[in-house]
Each structure stands twice: as C-alpha cells, then as structure tokens.
2 protein chains.
Amino acid sequence: MNIGDVSQLTGLPAKTIRYYEDIGLIKPLRDDNGYRRFRNQDVHKLNFLGRARALGFTIEDCRTLLALYEDETRASADVKRIARQHLGQIEAKITDLNAMRDTLSHLIEACAGDDRPDCPILQDLGGKP
Amino acid sequence: MNIGDVSQLTGLPAKTIRYYEDIGLIKPLRDDNGYRRFRNQDVHKLNFLGRARALGFTIEDCRTLLALYEDETRASADVKRIARQHLGQIEAKITDLNAMRDTLSHLIEACAGDDRPDCPILQDLGGKP
DNA sequence: ATGGGGCTTCCAGTGACGGGAAGGTCAAGG
DNA sequence: CCTTGACCTTCCCGTCACTGGAAGCCCCAT
C-alpha cells in the first residue's frame, strides 16, 4: 500500500503520516522506487495513533502508549497513569475555558452591540475603574 | 519606568512585553541609553492586553480590540461581534474537551490499573475488535 | 575597579503539523 | 513513443505566542 491508500484508510493526511515516520512512530518499508510501502501493522498503528491523538494525547504520550500496546508484558497501571494524568490536564483546561466562557458571555450580554461607542467589554478589558 | 518595573506592575514577563513591542502592539519611548521608557498609557495598554489574552483572545483580536478601545467613535457592535465569535470558538473547544473527558474517564474507570496487561484503554485505542 | 543586576539585540526552539516548490515515477490514452 | 496527469519523494519555511539563552552594554554600590 502506498501513502495515499493509507491516508484514505486512516483518515490521516499524508503529511501527518510522513511526519510520524520522521519522528519514529512508524517504520514503513520502502519500495525500489523510494515509495513508502505500508504493511497492515503500519495501518493498524496509524489508526491507533489517530484515535489517541483524537483523545488529545500528546505525541510523546502516543509514543509511550504505542510501546505499551506492543508490550505483551505491560502493566495496565502504566497505561492508566498516563490516561489519568492526561484527563487531569483536560479537566484543568475545561475549567479555564468555562471561566472564560462565563466572563465573556456576561460581558456580551451586557453589551448593547449597536453603533454607540459605550461598551462594557472594553470597559472590563480596560480595567473598568 | 523601565521594563522590569512594568513587568512587575502588569505581571507580564519582560520577554512578552518586548514581543508586544516587536509586533507593534505598544510603542514605548527610548532613553538615550537605549532602554525602553514606558509611560502610563503603555502600562495601561499592557494591562488591557493581559486581560484580553487571559480571556483567550488571539493577538490579532487583541490588536483589533485595542484599536477599538482607543477609537472614541467605535461602534460597540464591532466589539461584540469579535467577542461573540471568540465565545463560539471557546464553546466549541469546551464541547470537544467534554467529549474527550467523557470517553477517557469511562476508559479509566474500566481499567484495573494493576500489574496485569489487560487494558480497556489500549483495547479502545487499538480499535477493540 | 569590580561585582552584580538590569537592560539590549539576535537566534533558535517549542508542538504538531500544513503549504508549497522542485523533481522522480507510473499507468493510460493518442 | 510521447505526453499527460496523478502520484510520490525530499526539503524548507510558516504557523502561534511566546521562552531560553548567548553576547554584550549600562549603571550603581562597595
């Protein structure tokens, strides 16, 4: 399989697949013409990576998770620890964003949004003295 | 005022303040020795920028908001439009993160987290066939 | 005069790719 | 046989909003 087929199959852009090879996440073979040749295991790994990335894991987390995935003697505790840590970061980000959303939506509600210059949003940003 | 004082006052790193000058958000004066000399209006702008950035506005949004802030003849509708657009992006991100959190927390709950290799998290990432 | 802190500029790196150029390869159609 | 067009390759730069670090000037206190 060439990179285009794999891109179709996995939904990952060819650029991303090449990048994943660059950083050593996958190691497809090469044809005589220099084209990458992907085996089923490569496609499988790429699907794994796509799902892990969709859950927001960093590339380095993905590297570790993939290694654990391939390691038959892993301890599920190692996986769980990574996932919990990531979950914590997600929750922290959600908290931040919720705070931003609340502040912003209040300000937006208070703003007339007409052609006059008076604006609670700018007042707030300016330090509303 | 030198950059260190302003950094203290605004809570922004000196590096960030220099960066904001680089990209034209502020224009502090210069002393004869080449040091930046900040006026009150510069500090005020930096505080504005700090608050806008804390609400997650991009630098380009900040540039526009700052221009509106300084424009006595602005229409509050312009400000509100930017804020609403940003709010939409925040809400979209929250939705994404909530989905990730839900998926992740279910998987984490299902994972024993001991020294055995069986792991629903990896099963899911692997495509749980 | 020496030491230490503060200031300056400039260069490079971050994460996870995306855009685009320059050029090789392959199958089909004229 | 030639050309066209779709693929593929590598390489380099750009993204966003900074951050780190090096090399060097400036100023004040001891």
Side-chain angles (χ1 to χ4, degrees), chain A residues 1-38 42-43 45-46 48-66 82 85-86 89-90 93 96-97 100, chain B residues 1-38 42-43 45-46 48-66 85-86 89-90 92-93 96-97 100:
Chain A
M1 254 186 300
N2 284 345
I3 201 168
D5 310 315
V6 178
S7 175
Q8 284 284 98
L9 272 177
T10 61
L12 297 172
K15 278 268 185 187
T16 299
I17 298 173
R18 291 195 195 98
Y19 173 66
Y20 287 171
E21 185 191 12
D22 266 6
I23 62 175
L25 287 178
I26 52 168
K27 304 199 197 325
L29 306 176
R30 293 291 181 141
D31 282 339
D32 290 343
N33 57 15
Y35 286 20
R36 289 167 182 83
R37 186 156 57 80
F38 294 85
D42 298 317
V43 177
K45 276 195 195 186
L46 286 169
F48 183 100
L49 290 169
R51 275 186 285 264
R53 292 286 301 131
L55 283 179
F57 284 104
T58 65
I59 289 285
E60 285 318 302
D61 278 348
C62 288
R63 193 189 301 278
T64 309
L65 290 172
L66 201 49
I82 295 173
Q85 200 169 346
H86 179 46
Q89 288 168 6
I90 287 178
K93 194 159 255 178
D96 283 359
L97 288 174
M100 289 184 199
Chain B
M1 254 188 302
N2 284 345
I3 200 168
D5 311 314
V6 177
S7 175
Q8 284 285 96
L9 272 177
T10 61
L12 297 171
K15 279 268 185 187
T16 299
I17 298 173
R18 290 194 195 99
Y19 173 66
Y20 287 172
E21 185 192 12
D22 267 5
I23 62 174
L25 286 177
I26 53 167
K27 303 197 199 324
L29 305 176
R30 294 290 180 142
D31 281 340
D32 290 343
N33 59 12
Y35 285 20
R36 289 168 182 81
R37 185 159 56 80
F38 294 85
D42 298 317
V43 178
K45 277 195 195 184
L46 286 169
F48 183 100
L49 290 169
R51 276 186 284 264
R53 291 287 300 131
L55 284 177
F57 285 104
T58 67
I59 289 285
E60 285 318 303
D61 277 348
C62 288
R63 193 190 300 279
T64 309
L65 289 171
L66 201 50
Q85 200 169 347
H86 179 45
Q89 288 168 7
I90 287 178
K93 194 159 256 175
D96 283 359
L97 288 173
M100 289 183 199

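Just so it is clear: chains get the letters A, B, ... in the order the sequence lines come, proteins before strands, and each one is counted from 1. Note that the structure is predicted; figures quoted are calculated from it, not measured.
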Colleague: Between Asp32(A) (CG) and dC8(D) (C1'), how many Å, whole number?
Modeller: 15 Å
Colleague: Less than 4.0 Å between a side-chain N and a carboxylate O, is that true for Arg18(B) and Glu21(B)?
Modeller: no
Colleague: So, Arg53(A) side chain and Phe57(A) main chain: donor-acceptor pair closer than 3.5 Å or not?
Modeller: yes
Colleague: To the nearest angstrom, how far is Leu29(B) atom CG from dT8(C) atom P?
Modeller: 13 Å
Colleague: Take the C1' atoms of the five end pairs on each side of the helix from dA1(C)-dT30(D) to dG30(C)-dC1(D), get both axes, and report the angle to 10 degrees.
Modeller: 30°
Colleague: Take the protein atom CD1 of Ile3(B) and the nucleotide atom C1' of dT9(C), then report the distance between them rounded to whole Å.
Modeller: 12 Å
Colleague: Between residues 15-24 of chain A and DNA chain C, which residues have a heavy-atom gap below 4.0 Å?
Modeller: Lys15(A), Thr16(A), Tyr19(A), Tyr20(A)
Colleague: Please tell me if Arg36(B) has a side-chain N or O lying less than 4.0 Å from either OP1 or OP2 of dT8(C).
Modeller: yes
Colleague: Between His86(B) and Asp61(B) (side chain of the first, backbone of the second, donor and acceptor by atom type, cut-off under 3.5 Å), is there such a pair?
Modeller: no
Colleague: Answer yes or no: does a side-chain N or O of Asn33(B) lie under 4.0 Å from OP1 or OP2 of dC27(D)?
Modeller: yes
Colleague: How close or far is atom C1' of dC26(C) from atom OH of Tyr35(A), stated in whole angstroms?
Modeller: 6 Å
Colleague: Could you tell me the separation between the CG atom of Asn2(A) and the P atom of dA27(C), rounded to a whole number of Å?
Modeller: 10 Å
Colleague: Reckon Arg30(A) touches a base, only the sugar-phosphate, or nothing at all at heavy-atom distances under 4.0 Å?
Modeller: sugar-phosphate
Colleague: How long is the line joining CE of Met1(A) and P of dC7(D), in whole Å?
Modeller: 16 Å
